[in-house]
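A short worksheet on the structure shown next.
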Amino acid sequence: MKNNHVAWTMPRHQSIQSMASLITASILPLAASLAILLALFASPASAMPNQLQQPQPQPQPQPQPLQTQQQPPQPPPSYNNLTLQSPVVTVKVFVPLAGASPDQSQYYTGSRFEHGSMIGDITFGARSVYGRGLWRASPAHDPSWPESGVGLASEFGCGDNGVACAGKGDITNGVLGYEAAAVGEPFLKIGVGALIKGSCPECAGSEEYRFNSPYRFYRKPKWEVLPSPGPNEITFVSEEVLGDYGYRIQKTARLDGNVLTVRSLLTNLGKKQFTTPWYSHHFFTGDDEPVGPGYVLDLGLSEFGLKSQTPLFKQPGLGTWAADITDYSNVTMARDASISIAVKKTIPEGVKLKAEFLDENTVTLTDGSFTLHAPNGISVFEKIPEIQTQSRNPFIYAYNVYAERGTLSPEPMLLLYLQPAETTFWTQHLKFSSSDKYNAQSSSSSSFIFMARAWQQSSLSPSSRGILMMALCSAAIMALYTRFSGSNRRLVGRHYHSYSPIPDHSLEDEPSRRSMQVV
């Protein structure tokens, strides 16, 4: 058998640089960890980075005399959230609350997306992706509007009108019991809750399900936050039963270094089977910069059997609500038949683009993965391993791409088939990285900033502050070294993360765990 291990040597000056790079990679996490430990043990609980952030009470306004000068703008409202944080990445999870109503401080209370999928405001070093600055932010964020999601907002359904989705068999558009319900009676939207049929503004005179129109709730959805085994993990769960239908959805988000995993478990609590698509919308921008040149999307799919080297896709809204995607991007195919979409000009306000791949006349191979590249140098690679490891549930249903000024959205869709009492699961693995231009500064500077914040927020003894100062000085020296010596990616080589497994069963099934309800 051929040996794939290759022995090699390097010049002495490169060996020294490699050793220094290795020292950098070792000292920075160690120093950051030391700072974290000191901060956690010496700081009050309110200063912990993963503390559930409740909105601060606003002071009552006092009567003010009439003034001719313009008043400064009011700060944006705060929403219940928890921040997952590592030395290089921070992730904000907007937590769904038990029995939240639209006027409370929950980021999303609409009738389209999963309430437990609002994960965004992700920073890598000094850069950000999946921000809130462009997507449905004007004139102000409306938590009750169906489109007002953020980041990894996901939906059960195919993102189209109608109670059923195209395909073989009975594929529901994420709704249960809709056809049996009369106007004014409730039905279930998976991941959202119980809604009232016919209550949306566009429903007058029609019984067709409108996926993107706001429905009134039959009852308030209830979510519970479960105890987490670590500081950078959160799990919440919701159950709904209505007549012969019911579901249980459990979401777990965890941050390990520069890798974010989001595990979903769906259980059929009803008496009847159901089949539904699911997808994550991926409201993606970099530093809230409008989608334009510098944005690139590499799709984890390959098209074979085409006579020309032109990717085959459909544009369902072309000529009605959507423009031609080729007017704003170059859609190309590589020699291995993989597809890349490079935006060539900024998408104006009001222009929408959509492309559907996986044509039935083309031999298409896909694992549902993709890589997003932002102009700020940040890249995000996502894969869902269960697509390849599980025999039938879930599997790929469709592969769409949506874009407008405020998002470049790859949408690989899964198809889920559940008999009564059956549970299925899938995991989004997102790995964040940066180009050589930003890589050294991001990781080193982030570690330094992370420790500096620990210094400011903690109540340390003089001896502890001395130790922390040494860690800060070490981080600063190493940050300067990596800044002026260039990226260390070429010498260190690949680094593989090891993950402790996220359970494939409900956390509530473990007797050692107790549920904790957020109110």
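- Side-chain atoms of T123 and T90 form a donor-acceptor pair, as typed in the model, at a separation below 3.5 Å.
- Using bins of under 30°, 30° to 60° and over 60° for the plane-to-plane angle, the ring pair F313/F357 lands in the tilted bin.
- The shortest side-chain heavy-atom distance between I396 and L415 does not fall under the 4.5 Å cut-off.
- W135 places a side-chain heavy atom less than 4.5 Å from the side chain of E404.
- Side-chain contact check for V225 versus I234: some heavy-atom pair is nearer than 4.5 Å.
- With sequence neighbours left out, E289 forms a side chain to side chain contact (heavy atoms under 4.5 Å, CB included) with Y295, P375.
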Practice item. Take T267 and T423 through the side chain to side chain donor-acceptor pair (under 3.5 Å) test and state the conclusion after the steps. Key: CA-CA 4 Å; T267 302; T423 297; 2.7 Å; yes

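- For the residue pair H282 / Y402, no side-chain donor-acceptor distance below 3.5 Å is found, with atom types taken as modelled.
- Residues forming a side chain to side chain contact (heavy atoms under 4.5 Å, CB included) with A164 (at least two apart in sequence, or on another chain): none.
- Checking T235 against T252 by side-chain atom types alone, a donor-acceptor pair falls below 3.5 Å.
- H373 and S379 share a donor-acceptor pair across their side chains, judged by distance under 3.5 Å alone.
- For the pair K251 and F236, the cation does not sit on the ring face, since its NZ or CZ is not both under 6.0 Å from the ring centre and inside 45° of the axis.
- For the residue pair A374 and G286, the shortest heavy atom distance occurs at CB-CA, 3.9 Å.
- In this model, no donor atom of one side chain and acceptor atom of the other lie less than 3.5 Å apart for D142 and S148.
- Residues D298 and S340 have side chains that bring a donor and an acceptor to within less than 3.5 angstrom of each other.
- Under the 3.5 Å distance criterion, the side-chain polar atoms of Y417 are left unmatched by any main-chain donor or acceptor of T276.
- For the pair P96 and Q106, the minimum side-chain heavy-atom distance is below 4.5 Å.
- E382 and K431 are not joined by a salt bridge, as no carboxylate oxygen comes within less than 4.0 angstrom of a charged side-chain nitrogen.
- The line from CD1 of I122 to CZ of F284 is 9.5 Å long, rounded to the nearest 0.5 Å.
- Expressed to the nearest 0.5 Å, how far CG of N81 lies from CD1 of I119 amounts to 12.0 Å.
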Using a 3.5 Å cut-off and no angle test, enumerate the donor-acceptor pairs between side-chain atoms of residues 184-192 and protein atoms at least two apart in sequence or in another chain.
{"from": "E185", "atom 1": "OE1", "to": "A182", "atom 2": "N", "distance (Å)": "2.9"}
{"from": "K189", "atom 1": "NZ", "to": "E155", "atom 2": "OE2", "distance (Å)": "3.1"}
{"from": "K189", "atom 1": "NZ", "to": "F156", "atom 2": "O", "distance (Å)": "2.9"}
{"from": "K189", "atom 1": "NZ", "to": "Y209", "atom 2": "OH", "distance (Å)": "3.2"}

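- Within the 4.5 Å cutoff, the side chain of L353 has heavy atoms near those of the I347 side chain.
- No side-chain heavy atom of V237 sits less than 4.5 Å from a side-chain heavy atom of L265.
- No side-chain N or O of Q273 forms a donor-acceptor pair with one of Q419 less than 3.5 Å apart.
- Between the side chains of E208 and N161, no donor-acceptor pair of N or O atoms lies under 3.5 Å.
- To the nearest 0.5 Å, the span separating OH on Y399 from CG on L358 amounts to 9.0 Å.
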**Study point:** Working for side chain to side chain donor-acceptor pair (under 3.5 Å), residues N80 and S105
**Key:** CA-CA 6 Å; N80 292 281; S105 297; 4.8 Å; no

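- Contact record, P290 with T346: CB-CG2, 4.3 Å, taken as the closest heavy-atom pair.
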Practice item. Evaluate the side chain to side chain contact (heavy atoms under 4.5 Å, CB included) criterion for residues T427 and I384: first the C-alpha distance (whole Å), next the side-chain angles of each, then the deciding distance (0.1 Å), finally the verdict. Key: CA-CA 5 Å; T427 311; I384 300 178; 5.7 Å; no

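- Side-chain contact between D367 and K383 is absent, with no heavy atoms from C-beta onward closer than 4.5 Å.
- Distance check, rounded to the nearest 0.5 Å: OG of S409 to CZ of F283 gives 6.0 Å.
- Under the 4.0 Å criterion applied to side-chain N and carboxylate O atoms, D121 and R132 are assigned as salt-bridge partners.
- Between atom OG of residue S144 and atom OH of residue Y108 there is a gap of 9.0 Å, rounded to the nearest 0.5 Å.
- One N or O on the side chain of D287 and one on the backbone of S128 form a donor-acceptor pair closer than 3.5 Å.
- Rounded to the nearest 0.5 angstrom, I341 CD1 and L408 CG are separated by 7.0 Å.
- With 3.5 Å as the limit, one finds a donor-acceptor pair spanning the side chains of E114 and W278.
- Atom NZ of K271 has 12 or fewer heavy atoms from other residues, nucleotides or ligands within 6.0 Å.
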Practice item. Apply side chain to side chain donor-acceptor pair (under 3.5 Å) to the pair N232 and R254, showing each step before the final yes or no. Key: CA-CA 6 Å; N232 270 348; R254 185 173 70 191; over 6 Å; no

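- Judged purely by atom type and a 3.5 angstrom limit, N268 uses its side chain to pair as donor or acceptor with the backbone of L418.
- Between H281 and Y279, the ring planes lie tilted relative to each other; the angle falls in the 30° to 60° range.
- Looking at heavy atoms from C-beta onward, F425 lies out of side-chain contact with S264 at the 4.5 angstrom threshold.
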Practice item. Could you walk me through whether L318 and D324 pass the side chain to side chain contact (heavy atoms under 4.5 Å, CB included) test, one step at a time? Key: CA-CA 6 Å; L318 188 62; D324 192 339; 3.9 Å; yes

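- When atom types are taken as modelled, the side chain of Q315 and the backbone of I325 share a donor-acceptor pair closer than 3.5 angstrom.
- Nearest heavy-atom pair, G270 versus P420, reported as atom, atom and distance to 0.1 Å: O-CB, 3.4 Å.
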